[in-house]
Number of protein chains: 2
Amino acid sequence: MTDNISPAAFTCGLDATLRVIAGKWKPLIVYFLAQSPNRYGELKRAVRGVSDKMLIQQLKELEADGLVRRTDHKEVPPRVDYALTPLGRSLSEALAPLCAWGSENMEEVARVFAERATWAEKSA
Amino acid sequence: MTDNISPAAFTCGLDATLRVIAGKWKPLIVYFLAQSPNRYGELKRAVRGVSDKMLIQQLKELEADGLVRRTDHKEVPPRVDYALTPLGRSLSEALAPLCAWGSENMEEVARVFAERATWAEKSA
DNA sequence: CAGAATCCATAAAGATACTG
DNA sequence: CAGTATCTTTATGGATTCTG
């Protein structure tokens, strides 16, 4: 009953990781924070297209999950910055190969997506 | 109309990768196919909890994206198997560190998720 | 500047039943 | 066995407005 089927029962390591980085923006946030700790505003500019709502929401979850540390400097005007914890940093390193894969195969991926867009257009 | 961004314009390599593996089951599918090419039924058993609809849907997208190759042996009863293409295999290798990260930190992740479940219960 | 609160549209996923 | 088809639900994300 105790550790039978808990909500946090992962089928494998990958499954566990996926639940932590679930969300459209989390991997990108971790990736940008790995390059440099950032203030809220800078982060928002770096993660292009994200809304305040989503950025805050995902930052809070990352913080709750122990990947990100939030520091409020209690100044006026507000100054808050975000940085990775050691756990977050280790995750960002695991993410690096995905960045590399995307960079190496971007042409091919873009081509395939363009084709998809084409027939999506035709069927509309 | 602000700045016209094409559908396949990625902000960085990670962004490109994320679009390819977007979907609850895709990374797991690639992961399992990397270990051994599989028939449809085996794959379904391996990816625990997936429905036919989702499995087929995501397999089709992976196939359209050039990561998976589907082979229909045209037999009765039907026999179809799925395997990674070279591109898919390279992606599976990039995924490996995420598996490792999840395995190494599963305890911690599970603990955090359990806490979340606790206060989600309380607010209900 | 760094959010919070609210409302809304859509996309993603699940359940179920059926088929060659 | 390897899927389809349809319906319903839920999760996700976006737009807007407001605030200390």
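Chain identifiers are assigned alphabetically (A, B, ...) following the order of the sequence lines, protein sequences preceding nucleic acid strands; residue numbering begins at 1 within each chain.
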**Q** Do you know which two heavy atoms are closest between B:Leu91 and B:Val20, and how far apart they sit?
**A**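 Taking B:Leu91 first and B:Val20 second, the nearest heavy atoms are CD2-CG1, 4.4 Å.
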**Q** Which letters describe nucleotides 7-14 of chain C, given B = protein heavy atom under 4.0 Å from base, S = only from sugar-phosphate, - = neither?
**A** B-----BB
**Q** When you check the side-chain N and O atoms of A:Tyr40 and A:Asp52, is any donor under 3.5 Å from an acceptor?
**A** yes
**Q** What is the distance, to the nearest angstrom, from the NZ atom on A:Lys74 to the C1' atom on C:dA2?
**A** 13 Å
**Q** Can you check the B:Ile56 CD1 to D:dT6 C1' distance for me, whole Å?
**A**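 In whole Å, D:dT6 C1' and B:Ile56 CD1 are 16 Å from each other.
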**Q** Within this structure, what is the CG-to-P distance between B:Asp52 and C:dT19, rounded to whole angstrom?
**A** 16 Å
**Q** Report the distance from atom CG of A:Asp72 to atom C1' of C:dA4, rounded to the nearest whole Å.
**A** 15 Å
**Q** Grab the two heavy atoms, one from B:Asp15 and one from B:Phe10, that are nearest each other, plus how far apart they are.
**A**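 Minimum heavy-atom separation between B:Asp15 and B:Phe10: OD2-CA, 3.4 Å.
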**Q** What pairs of donor and acceptor atoms, side-chain ones from residues 99-109 of chain A against any protein atom, are under 3.5 angstrom apart with sequence neighbours left out?
**A**
from, atom 1, to, atom 2, distance (Å)
A:Trp101, NE1, B:Ser90, OG, 2.8
A:Ser103, OG, A:Cys99, O, 3.0
A:Asn105, ND2, A:Trp101, O, 2.8

**Q** What pair of heavy atoms forms the shortest contact from B:Leu98 to A:Leu98, and how long is it?
**A**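 The pair with the smallest heavy-atom distance is CD1-CD1, 3.6 Å.
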**Q** So, OP1 or OP2 of C:dG3: does either fall under 4.0 Å of a side-chain N or O from A:Tyr82?
**A** yes
**Q** Could you tell me how far apart B:Leu55 (CG) and D:dG3 (P) are, to the nearest whole angstrom?
**A**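 These atoms are roughly 9 Å apart.
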**Q** Quick one: A:Tyr40 OH to D:dG20 P, roughly how many Å, whole number?
**A** 18 Å
**Q** Among A:Arg69, A:Arg70, A:His73, find the one that has a side-chain hydrogen bond (donor to acceptor under 3.5 Å, both in side chains) with A:Asp81.
**A**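 The side-chain hydrogen bond (donor to acceptor under 3.5 Å, both in side chains) with A:Asp81 is passed solely by A:His73 among A:Arg69, A:Arg70, A:His73.
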**Q** CG of B:Asp81 versus C1' of D:dA2: gap in Å, rounded?
**A**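 Rounding to the nearest Å, CG of B:Asp81 and C1' of D:dA2 are 12 Å apart.
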**Q** Quick one: is C:dG3 close enough that its OP1 or OP2 comes under 4.0 Å of any side-chain N or O from A:Arg70?
**A** yes
**Q** So what does B:Lys60 touch, heavy atoms closer than 4.0 Å: a base, only the sugar-phosphate, or nothing?
**A** sugar-phosphate
**Q** Can you see if the side chain of A:Arg39 gets near the phosphate of C:dC1 - specifically, an N or O under 4.0 Å from OP1 or OP2?
**A**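 Result: no.
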**Q** Whole Å only: how far is the CZ atom of B:Arg79 from the P atom of D:dA2?
**A**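 Rounded to whole Å, this separation is 9 Å.
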**Q** So does B:Arg89 pair up with B:Glu93, basic N to acidic O under 4.0 Å?
**A**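 The answer is no: the pair does not qualify as a salt bridge.
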